Amino acid sequence: MQKIVIIGNGVAGITAARHIRKLSDDEITVISGETDHFFSRTALMYIYMGHMEYEHTKPYEDWFWDKNKINLKRAWVKSIDFDQKQIQFDGSEAMAYDKLILATGSQSNFFGWPGQDLQGVQGLYSYQDLALMEQNTKDVDRAVILGGGLIGVEMAEMLHSRHIPVTYLIREEHFWGNMLPKEEATLIDNHLNKNGIDLRQETELEEILGDGNGKVKAVKTKSGEIIDCQFVGLTVGVHPNIDLVKDSKVNTDRGILVDENLQTNVPDVYAIGDCAQLKNPPSHRRPIEAVWYVGRMMGETVARTVTGKETKYQPGVWFNSAKFFDIEYQNYGIVLPECPEDSGAFYWECDDKEKCIKIIYKKETNEVQGVNLFGIRNRHEVWNKWLTEKKTLNYIISNLPEANFDPEFFTHWEGEIQKKYNGEFPENQVSVRKKGFLEKIFA
Amino acid sequence: MKAIRYTGLILFLFSLGLFLSSFFMSSFTLSEETFTSIIKEEHQESLKPALDKVFDKKYSSSIPFVNAINSTVDEVNANARSEQKWDKVIYDDYAGSLARASARGFVPNNKLLVFILIYVVGAIGALMFLLPQIKLHGPPGIKHNHIFHNALNNRGWMGILTGVLLIGFYILLYFYPAYITNWIIVVDPLQKLINPSASSSQWFLYGFLYTFAVLVMGVRMILKYRHSKYQIFRTCSVMFFQLAFAFLIPEILVRLNQPYFDFKNMWPLDYDFFDAWHINTLTQSGGLGLFMFVWGITLFAVGVPVFVYIFGKRWYCSWVCGCGGLAETAGDPFRQLSDKSTEAWQIERLIIHGVLVFAIVMTGLVLYNFFGGDFYISFNKWMVLGIVALLGGGLYFYHRKKYVAMSGIKVRNTVAGIVGFFALGIVFSEVSVFAKYMPVDGSNFSFSSGNIRTVYGFMIGSIFSGVVGTGFYPLMGNRVWCRFGCPLAAYLGLVQRFKSRFRITTNGGQCISCGNCSTYCEMGIDVRAYAQRGQNIVRSSCVGCGVCSAVCPRGVLNLENRDEDGRFNQPILLGNDSISVSN
C-alpha cells in the first residue's frame with residue numbers, strides 16, 4: 001500500500017483520487033487550502049447570482065470522502081522536498097508521500113497595470129475570489145470588466161444579475177476574438193448589447209485610478225477616456241499555478257512539464273489539469289488546456305499510471321462548451337478564429353441572430369475539421385464519431401438531424417441549414433429535412 | 001412597467017387580504033326555522049332544548065358559532081351515551097350546514113361582489129405582476145437570479161408564512177370545514193353558474209382554488225420558460241386537464257344527473273375508486289356509469305404500462321395529473337427545495353413503496369368486504385409499538401451501515417431510529433384516538449376491512465397528500481406528495497424503471513458538475529451524479545418535467561424516448577481515449 005498525496009481538490013485532483021480508490025487500496029490524501037470539500041469551480045457564478053448556494057455546487061455529499069477513505073486535508077502547502085519525498089505545510093507540519101500528484105490549477109493573470117492592487121480590483125478564479133467579489137460589489141454604481149473571455153462574460157452576467165451597469169473593455173475586435181471566428185463573435189457581441197452590457201471593442205486599459213483612500217475610482221483607457229467605476233474585474237485569462245515548484249528540481253515552462261504519462265521529470269511526481277503542460281501534445285491539442293474536461297480526463301488517466309497500470313494520456317476529439325447569457329455554445333473539433341488557407345467555412349445563421357453553426361472543412365478532401373454551434377444543442381457522441389471517421393461536409397450536412405440534441409418540440413433548423421448548403425454548393429445537393437406533421441402545426 | 005408590476009402586486013395582496021379577512025366578514029344567527037329545515041326529525045327533539053341558548057343569538061364569526069353547535073351536540077351525545085340510548089347518538093355533522101344557513105351580513109349579502117373582488121381582481125393583479133417580466137427580466141432564457149436570496153423561495157420568513165397559511169388552510173378544509181363557511185359561500189355564484197341546482201361545498205371551493213392556482217401560476221410558468229416549447233406545451237397540458245377534466249366536466253356531469261367523475265384520475269391515486277358506494281354509484285348509473293367504471297380500470301391496468309413504456313411516467317405525472325399540475329405551476333417557485341441527499345432517496349423509496357403496498361392491501365380488503373367477506377384483527381398496542389420501534393432501529397442500522405464507516409454514528413442512528421419510530425407510533429395512536437373511527441380500541445390496535453380504509457383516507461388521503469403534500473411546498477419542495485407518498489407514482493415509477501423507452505440522455509463528456517440540474521430537480525434526484533459520469537438518468541421517480549435539461553448551461557441533458565437497449569450498460573463517451581468506461 002503506497003501513500004499517494006494529491007495537492008489540489010479541483011476536478012483534476014478529485015477525479016484522480018476517485019479513480020485511484022476504484023483501482024487500489026492505497027492511502028489517498030487530498031490537500032487544499034481553498035475549501036474543505038470539492039466544489040464545481042464553474043458554478044461559482046451561480047452562487048453569486050442566487051441560482052444555487054455553495055452546498056449545491058459540491059458534486060459529492062460530505063460523507064462520500066469518509067466512506068471511500070479519501071483523506072481530505074485543509075492546508076496550504078509551503079514547499080515540497082522532492083528528495084525526502086516530504087511536503088511542508090504552513091507552520092511546522094509535514095507530510096510524507098510515496099507518489100505525489102500536483103493539481104494546483106490556475107491563477108488569474110495580472111499584467112502589472114498601474115492601480116491593479118487597489119481595493120475593488122480583482123480577478124475571479126477561487127472560492128475566496130467569490131467572497132471578495134461579494135464584498136467589492138456592495139454599493140457599486142458601475143463596474144468595468146477587462147478581457148474578452150469566458151470568465152469576463154460570466155462576471156458581466158453576475159454583475160448584471162445585481163443590476164450593476166457594466167462597461168466591458170476588450171482588446172480585440174470582438175468578444176473572445178482570440179478563440180471565435182468573426183461571425184460567431186459578432187453574434188455574441190450583439191447578444192451582450194441586447195442584455196444591456198456596454199461593450200467597448202478594441203479598447204485597452206491604460207491604468208486604474210484610485211480615490212486616494214486605496215479604492216478604485218475609475219479606469220483610464222489607452223485612448224484617454226476615463227470611465228468612473230467602483231469595481232474592476234480583471235479577467236484577462238489565467239496561467240498555470242506553478243509557484244510551489246517554480247524554483248525546484250521539477251522542470252517547468254509556463255506550466256509544469258509532463259510527458260505523455262503525465263509524469264514530471266522527477267520520479268513519482270505527476271502533474272494534471274490546468275497546471276500541467278504537455279511536452280509533446282497530440283497534433284490536435286494544445287500543450288496547456290485549462291478547461292474542466294481536460295482536468296477530469298487527466299485525473300482518470302493518471303490514476304491508472306500511479307496504481308501501476310501505466311497509461312498514456314490520449315485525449316480524443318477536442319470539445320468544449322459555454323453559455324453567454326442566454327446563448328449556449330458547443331464546439332467539437334478544431335475551429336480557429338481565422339480559417340486556415342487550405343480550409344473552407346460553411347456558416348449558417350438564424351434570422352433571430354441568436355443561433356448559428358460554423359463548420360470547417362478541408363478544401364481538398366472536404367473532410368470536416370470542427371464545428372461551432374450557438375443556440376443549438378448537438379450530440380457529442382455523433383460529432384465525435386463523424387470527426388474521428390473524417391466524414392465529409394456533404395455527409396455531415398445530409399445527416400445533421402441525427403446530431404440534434406435539442407429538447408423535444410424545439411424548432412429544428414437542420415432543414416434551413418441544408419437549404420443554405422444547397423444554395424452554396426450546387427454541385428453537392430443534399431436532401432432537405434422535411435417538417436413533421438406536428439411541427440407544421442406548432443411552427 | 002415597474003408601476004404596472006407594483007400595482008398588480010397591490011391588487012393581488014388586496015385580494016389575498018380580502019380572502020383572509022372574509023373569514024370574519026359575516027355574523028351567524030341560528031333561527032328556529034333554519035333549525036327545523038336542516039336538522040333531521042329524529043334529532044330535533046333532543047337537540048332543540050339543548051340549542052335553546054343558541055337560537056337567535058348573534059355570533060360574530062364562524063368560530064364561536066360552530067363551537068357552540070358542536071359542543072351542544074357533544075353534550076347531547078354524552079347524555080345519550082350515559083343513558084345508554086345508543087340510537088340517540090348523533091353522528092351527522094350539522095355544524096357546516098347550520099353555519100351556511102345562518103350566515104348573515106356582508107359576505108352572504110354580496111357574494112358576487114366579494115367573488116369578483118377576490119378572484120377576478122386577484123387574477124388581474126397577479127397577471128399584472130407577472131406579464132411585465134417579459135420586458136423587465138430581459139430576453140427569454142433561464143431566469144433564476146436571486147432565487148436563493150429570496151425569502152419566499154429559500155425558506156425565509158415569506159416561505160414559512162406561506163407554508164403555515166397553506167397547512168392551516170388544508171387542516172380547516174379537511175377537518176373543520178364549518179369554520180370556512182364564508183369562503184364556501186363566496187364561490188357559490190360560480191357553482192350556480194355551472195350547475196344552478198347545486199350549492200357550493202368545501203370540495204367545490206377546493207376544486208376552484210386549485211384550478212385558479214394552476215391557471216394563474218401556469219401563466220407564470222409559461223412566461224418563465226417561454227424559450228422552451230417543451231415547457232410551454234407541458235404547462236398548457238396540465239392547465240387544460242385541470243380546468244376541463246378535474247373541474248368542469250365532473251360538475252357538468254352532475255348537472256346532467258350523471259355520477260361525478262374525473263376521467264383522468266385513476267386508482268391507486270383515486271383510492272376510493274373501489275369503495276362499495278363508488279362501485280355501486282357507477283354500476284347503477286346506466287351506460288355512462290358503466291363506461292366510467294371500465295374506463296377507470298382500463299386506465300391503470302392497460303394505460304399505465306403502455307404509455308409509460310412509450311413515453312415514461314411523465315405522460316401522466318407532468319402532463320395530465322392534477323397533483324402534478326399544481327406542483328408544476330403553483331409549486332414551481334419551490335422546486336429547488338427538494339432534498340437531494342442519498343438518505344432522502346432511501347427514505348423516499350421506503351415510504352412511497354410502503355404507501356403503494358398499503359393502498360393495495362387496503363383496496364383488497366375493501367373489495368373483500370364488498371364481496372361479502374369480513375376481516376378483523378387486533379393486536380396489543382404496546383406490542384405493535386415495540387415492533388415498529390425495533391423495525392425502525394434495524395432499518396436505520398442497515399442503511400447507515402452502507403454509507404458511514406464510523407461505528408459511533410451507526411449506534412447513534414440506530415437509537416435515533418428506535419426512538420423516532422416509537423414516537424411516530426405514539427403520535428399515530430394519539431391521532432387515532434382523536435380522530436374517531438380510527439383503529440385504536442382501548443389498549444389494542446384493531447383493524448377491520450372498514451377502518452383500514454378510514455386510516456388510509458385519513459393518513460394518506462388527507463394528511464399526506466393535502467396537509468403535507470401541498471402545505472409543505474415552501475418548506476420541502478413542490479413534489480413532497482409525488483415523491484414520497486403517491487402510490488400511483490410508485491406504480492408508474494416501477495414500470496418506468498424496468499420497462500420503458502424513456503431516459504434522460506447525458507451528452508457525452510460535456511458535464512461540468514455545476515449542479516443546476518440537481519438543484520432544480522423537484523423530485524430530489526441527484527441528476528449531476530449521473531451526468532458527470534456520462535451515464536443516462538433512469539430513475540423511477542423522474543416525472544420528466546424537463547427542467548434539468550432547461551437549466552443545464554452546457555446542453556448536457558435531454559429527455560428522450562429511444563430504443564430500450566440503449567438505456568443501460570452502454571459504453572460511455574467521455575472524450576478520453578486513454579480509458580474506456582461503461583454505463
Side-chain angles (χ1 to χ4, degrees), chain A residues 11 19 40 42-43 46-47 49-53 56-61 63 66-67 69 160-162 191 194-196 292-293 296-297 300-301 304 311-323 325-328 330 354 377-381 383-384 405-411 442, chain B residues 138-142 144-150 154 227-233 336 340-343 402-406 505 507-516 518-520 526 528-529 532 546 549-561 573-579 581:
Chain A
V11 61
H19 282 258
S40 177
T42 50
Y46 298 112
I47 302 176
M49 291 161 71
H51 293 208
M52 286 191 272
E53 292 182 316
H56 298 108
T57 67
K58 291 184 195 171
Y60 302 94
E61 289 179 62
W63 53 257
D66 183 34
K67 184 203 163 203
K69 292 192 261 102
H160 185 256
S161 81
R162 303 269 178 112
H191 187 66
K194 199 167 153 185
N195 276 284
W292 180 268
Y293 319 104
R296 197 198 64 217
M297 293 193 282
E300 289 161 0
T301 314
R304 295 176 68 88
T311 305
K312 287 192 168 78
Y313 173 61
Q314 293 173 309
V317 171
W318 166 261
F319 64 94
N320 197 9
S321 56
K323 192 175 182 187
F325 281 79
D326 296 313
I327 297 186
E328 286 173 23
Q330 291 186 340
E354 304 255 289
R377 294 176 175 181
N378 266 10
R379 236 174 254 276
H380 184 181
E381 208 180 342
W383 272 103
N384 189 68
F405 198 69
D406 273 332
E408 291 150 301
F409 310 118
F410 272 46
T411 309
F442 292 109
Chain B
I142 294 301
H144 281 164
N145 289 348
H146 305 303
I147 284 196
F148 280 96
H149 303 151
N150 186 304
N154 194 22
H227 61 293
S228 167
K229 281 193 184 159
Y230 183 76
Q231 298 302 335
I232 294 174
F233 289 174
Q336 64 282 354
K340 277 71 180 187
S341 66
T342 312
E343 194 167 355
K402 289 200 298 196
Y403 288 91
V404 181
M406 290 179 293
T505 308
N507 199 14
Q510 292 272 26
C511 176
I512 52 165
S513 301
C514 71
N516 272 297
S518 295
T519 304
Y520 288 93
D526 189 0
R528 166 175 57 192
Q532 66 191 356
S549 162
V551 297
C552 176
R554 297 293 185 268
V556 174
L557 302 163
N558 199 13
L559 280 59
E560 297 191 299
N561 310 311
L573 170 77
L574 289 168
N576 188 357
D577 294 345
S578 325
I579 61 165
V581 201

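Proteins get letters first, then strands, A, B, ... in listed order; numbering begins at 1 in each. Not measured: the values here are computed from a predicted model.
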- line: Heavy-atom closest pair (A:Glu408 atom, B:Asn561 atom, distance to 0.1 Å) is OE2-ND2, 3.8 Å
How long is the gap from [atom1] on [X] to [atom2] on [Y], to the nearest 0.5 Å?
X        : Y        : atom1 : atom2 : result
A:Tyr293 : B:Arg554 : OH    : CZ    : 5.5 Å
A:Lys323 : B:Ile142 : NZ    : CD1   : 5.5 Å
B:Ser518 : A:Lys58  : OG    : NZ    : 14.0 Å
B:Thr505 : A:Arg379 : OG1   : CZ    : 6.0 Å

If only atom types and distance count, is the side chain of [X] paired as donor or acceptor with the main-chain N or O of [Y] below 3.5 Å?
X        : Y        : answer
B:Asn145 : A:Arg162 : no
B:Tyr520 : A:His51  : yes
B:Gln510 : A:His380 : no
A:Arg296 : B:Gly509 : yes
B:Asn558 : A:Phe405 : yes
B:Ser578 : A:Thr301 : no
A:Ser40  : B:Ile512 : yes

Side chains of [X] and [Y]: does their closest heavy-atom pair fall under 4.5 Å?
X        : Y        : answer
B:Pro139 : A:Asn195 : yes
A:Arg304 : B:Ile579 : yes
B:His149 : A:Ser161 : no
B:Phe148 : A:His56  : yes
A:Phe409 : B:Ser228 : no
A:Met52  : B:Asn516 : yes
A:Tyr46  : B:Thr519 : no

Determine the option with the most heavy-atom pairs under 4.5 angstrom with chain B, choosing from [options].
options                               : answer
A:Gly316, A:Ser321, A:Pro407, A:Ala43 : A:Ser321
A:Gln330, A:Lys69, A:Lys312, A:His160 : A:Gln330
A:Lys194, A:His191, A:Gln314          : A:Gln314

query: Which answer fits B:Phe233, side chain, backbone, both or neither, if we ask what part of it has an atom under 4.5 Å from a heavy atom of chain A?
result: side chain
message: So for B:Leu557, is it side chain, backbone, both, or neither that comes closer than 4.5 Å to the heavy atoms of chain A?
response: backbone
Residue part contacting chain B, namely of [X], when any heavy atom lies under 4.5 Å:
X        : answer
A:Ile327 : neither
A:Tyr313 : both
A:Tyr60  : side chain
A:Glu328 : side chain

So which of [options] has the biggest tally of heavy-atom pairs under 4.5 Å with chain A?
options                                : value
B:Pro140, B:Ala529, B:Gly575, B:Gly508 : B:Gly575
B:Cys552, B:Cys514, B:Cys511           : B:Cys514
B:Gly141, B:Ser549, B:Ala550, B:Gly546 : B:Ser549

task: For atom CD of A:Glu381, decide whether the heavy atoms of other residues, nucleotides or ligands shown that lie under 6.0 angstrom number more than 12.
output: no
